[in-house]
Each structure stands twice: as C-alpha cells, then as structure tokens.
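First up is the structure itself, then whatever we jot down about it.
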Amino acid sequence: MNLVLNLKNKLAVVLSIVLLSTLFAFVGTPVKAEAATDNVSFYYSDYGTVYHGITHQNVYIKVKNLDYNKKVTVHYKKGDEWCDNSAEFYKSLDDGYEIWKADFTNLSTTGLLNDKFCIKYEVNGQTYWDNNNGKNYIGELGEAEFHVFPHTEYGLPTYVVLKNLGYEKDVKIVYTNDGWKTQKSVSLEYCRTLEDGNEEWVPSEYIPSSEIGEYYAVYKVNGQTYYDSNFGLNYTAW
C-alpha cells in the first residue's frame with residue numbers, strides 16, 4: 001500500500017513539474033499561433049523622435065472591435081527576456097476595426113526593430129495572437145502594404161518602405177500648404193532593398209518645407225492603389 005502511495009505521489013510531482021514547465025514556456029515565449037486572424041494584426045511601426053541616444057518608437061495595431069473592454073499588448077523581446085508594453089486606443093476605422101498604438105521610449109539607440117515582437121489581444125475572455133505565424137516580427141511593415149516615414153524633427157516625408165508587390169510601381173507624396181485648396185505631388189524613386197525583402201523609396205526631388213503643411217502617400221501597383229494618410233488624419237510638417 002505504501003509503495004502504491006509513493007508511486008502516486010511521485011507521479012503527481014512529475015506531472016506538476018511538466019505542467020509548470022509548459023506554462024512557463026508559453027508565458028515566456030509565445031509559441032501558440034492564433035496569428036493572422038481577422039481579429040488582430042500588427043499594422044506597422046515607425047520612429048518618433050531620436051535624441052541623445054534615446055529612441056522613441058510607435059507600434060500600430062489593428063483589432064476588430066469585439067467589445068468596448070479590451071486589452072492590446074505588444075509582447076517583445078529585450079535581451080533574453082520577454083516583456084509587455086500596453087497599447088492605447090488611437091482611432092476608429094469605418095469597417096468595424098480600431099487602431100491601437102504602443103509607445104516605446106528609451107529602448108536603445110537601435111530601437112525595437114532589431115528585437116522580436118508579437119501582438120496579444122484580450123477581449124470577451126478570449127486571447128488572440130498575431131506572432132507572424134510563429135516567426136514573430138522584426139521590421140516596419142505588418143499588414144500594411146507600405147508606410148511613409150516622416151523626418152523625426154521636422155515631420156517632412158523622408159522615405160517610404162513598401163512591400164514589393166510588383167515590378168512596375170508608382171509611388172508619390174501628395175501635399176498642400178493651403179488646406180487642400182491646391183495640391184502638388186512629388187514622385188518617389190527606388191533606393192534600396194531591405195533585409196526583409198521590402199523596398200525603401202525616397203523623393204526624387206527636394207520638397208521645400210515652406211510648401212508642405214499636410215501630406216499623404218500613394219502607392220499604385222498591379223492595378224491597385226494604396227494610401228498611407230495616417231488613418232485619414234494625414235501627416236503634418238512642423
């Protein structure tokens with residue numbers, strides 16, 4: 001009888017260790033992939049301001065508005081540790097989705113882009129992940145086809161990162177300085193291919209700061225037209 005009890009006790013200890021180890025592994029490194037669902041997706045990330053070696057970066061996330069009470073988190077790797085940074089509501093979209101933004105400050109001089117990260121969305125007692133199908137993210141673009149990067153100090157458009165969706169492309173910055181009574185545009189040209197396969201394009205000519213107040217970017221490829229207008233708010237120079 002004592003032998004049977006001892007075996008049961010040992011088995012219970014072993015099962016507890018296995019359960020705790022599995023739970024720790026899941027919490028530390030998100031390997032369960034409910035990624036790329038319609039409920040949550042990493043959209044894009046960009047830099048805010050960089051000064052005195054301090055990096056300020058925003059990560060934008062698209063979530064389906066399943067309920068008013070929700071929690072959106074960027075789960076990112078910093079060194080050997082996985083950390084969480086909560087996102088905040090940014091803007092409602094017309095299709096039942098919302099944009100949330102997570103702000104990162106003083107990570108390092110290189111910022112978040114050299115570290116892996118994924119997105120966690122908690123709502124109605126459910127948890128949804130976008131972890132890039134288990135690979136996590138290391139880059140500027142998620143769901144978005146392209147994104148314009150404003151100058152960190154002046155807000156002027158400096159370059160665009162886009163997905164290479166076709167060889168023939170037309171990329172432009174459209175801008176105004178009189179509240180869209182009139183507008184001008186400048187074409188962008190290919191600059192280089194990034195490590196993740198995306199491309200960087202830059203303005204083909206200088207845009208005088210006195211002529212640009214608001215602007216947005218247009219990307220035409222394969223008969224499709226994509227816009228980056230800061231989710232309808234447009235970008236502003238200062």
Side-chain angles (χ1 to χ4, degrees), residues 23 25-48 55-78 81-105 107 111-150 160-163 165 196-198 216-219 224-236:
L23 179 62
F26 177 74
V27 173
T29 306
V31 295
K32 184 179 179 182
E34 295 179 32
T37 70
D38 291 336
N39 295 323
V40 58
S41 60
F42 163 57
Y43 203 71
Y44 60 64
S45 66
D46 62 19
Y47 289 104
T55 300
H56 169 86
Q57 188 173 3
N58 298 316
V59 174
Y60 293 87
I61 304 148
K62 184 179 178 180
V63 302
K64 182 178 286 186
N65 185 17
L66 299 177
D67 190 73
Y68 177 78
N69 294 311
K70 57 178 73 74
K71 184 177 181 181
V72 184
T73 307
V74 177
H75 192 57
Y76 67 100
K77 193 172 185 181
K78 186 177 182 181
E81 298 182 2
W82 283 91
C83 308
D84 288 331
N85 190 11
S86 296
E88 296 183 355
F89 173 81
Y90 184 70
K91 191 179 188 300
S92 292
L93 303 179
D94 295 333
D95 55 2
Y97 284 83
E98 297 175 346
I99 299 297
W100 286 57
K101 181 177 74 170
D103 177 31
F104 288 81
T105 307
L107 284 175
L112 179 66
L113 295 181
N114 288 342
D115 294 324
K116 294 181 178 181
F117 65 96
C118 58
I119 309 300
K120 183 179 181 182
Y121 176 32
E122 299 169 272
V123 62
N124 293 331
Q126 300 292 321
T127 300
Y128 305 97
W129 290 91
D130 180 6
N131 59 14
N132 195 19
N133 296 313
K135 296 180 292 184
N136 296 319
Y137 288 100
I138 314 176
E140 295 97 335
L141 294 182
E143 180 182 335
E145 288 78 15
F146 79 124
H147 178 51
V148 56
F149 283 77
V160 163
V161 172
L162 56 82
K163 294 178 180 177
L165 301 178
D196 57 8
N198 295 325
Y216 61 89
V218 184
Y219 173 26
Q224 299 291 322
T225 302
Y226 304 100
Y227 296 90
D228 180 10
S229 62
N230 190 22
F231 309 106
L233 301 174
N234 289 330
Y235 294 95
T236 57

For side-chain contact (heavy atoms from CB on, under 4.5 Å), just list the numbers for I61 and V74, CA-CA rounded to whole Å, side-chain angles, deciding distance to a tenth of an Å, and then say yes or no.
CA-CA 9 Å; I61 304 148; V74 177; 3.8 Å; yes
Which of F117, F104, W82 passes ring-ring contact (aromatic ring centres under 6.0 Å, His included) with Y76? Answer is F104
Taking every heavy atom of D103 against every heavy atom of N58, the minimum-distance pair comes out as OD1-OD1, 3.5 Å
Pairwise distance CG(N198) to CD(E145) - rounded to 0.5 angstrom:
11.0 Å
Using modelled atom types only, decide if a donor and an acceptor are shared between the side chain of Y219 and the backbone of K163 within a distance under 3.5 Å.
yes
At their closest point, which heavy atom of Y235 faces which heavy atom of H147, and how far apart are they?
OH-CE1, 3.1 Å
When rounded to the nearest 0.5 Å, the distance separating CD1 of I138 from NZ of K116 is 5.5 Å
Starting at CD of E140, measure out to CG of D196 and round the result to the nearest 0.5 Å.
6.5 Å
Within a strict 4.5 Å, meaning less than it, do heavy atoms of the D46 and Y60 side chains meet?
yes
I'd like to know whether NZ of K71 has more than 12 heavy-atom contacts from other residues, nucleotides or ligands below 6.0 angstrom.
no
Note: D130 and C118 closest approach over all heavy atoms is O-CB, 3.3 Å
Testing the basics here: between V148 and D228, what is the closest heavy-atom pair and its distance to 0.1 Å?
N-OD2, 2.8 Å
Look at the side chain of K70 and the backbone N and O of D67, then say whether any donor-acceptor pair between them is shorter than 3.5 Å.
yes
Any L141 side-chain heavy atom under 4.5 Å of V161 side chain:
yes
For side-chain contact (heavy atoms from CB on, under 4.5 Å), just list the numbers for N230 and Y90, CA-CA rounded to whole Å, side-chain angles, deciding distance to a tenth of an Å, and then say yes or no.
CA-CA 11 Å; N230 190 22; Y90 184 70; 3.2 Å; yes
Reported CG-to-CG distance for the pair N65 and D95, which is rounded to 0.5 angstrom
10.5 Å
Between H75 and N136, does the side-chain contact (heavy atoms from CB on, under 4.5 Å) criterion hold? Intermediate values first, please.
CA-CA 10 Å; H75 192 57; N136 296 319; over 6 Å; no
Does NZ or CZ of K62 lie under 6.0 Å from the centre of the six-membered ring of Y97, at an angle within 45° of the ring axis?
yes
Between W100 and I119, is the side-chain contact (heavy atoms from CB on, under 4.5 Å) condition met? List the steps.
CA-CA 11 Å; W100 286 57; I119 309 300; over 6 Å; no
Can you tell me how far apart OH (Y68) and CD (E98) are? Round to the nearest 0.5 Å.
9.5 Å
Is the Y44 to F231 ring centre distance short of 6.0 Å?
yes
Under a 4.5 Å cut-off applied to non-hydrogen side-chain atoms, are L66 and Y128 in contact?
yes
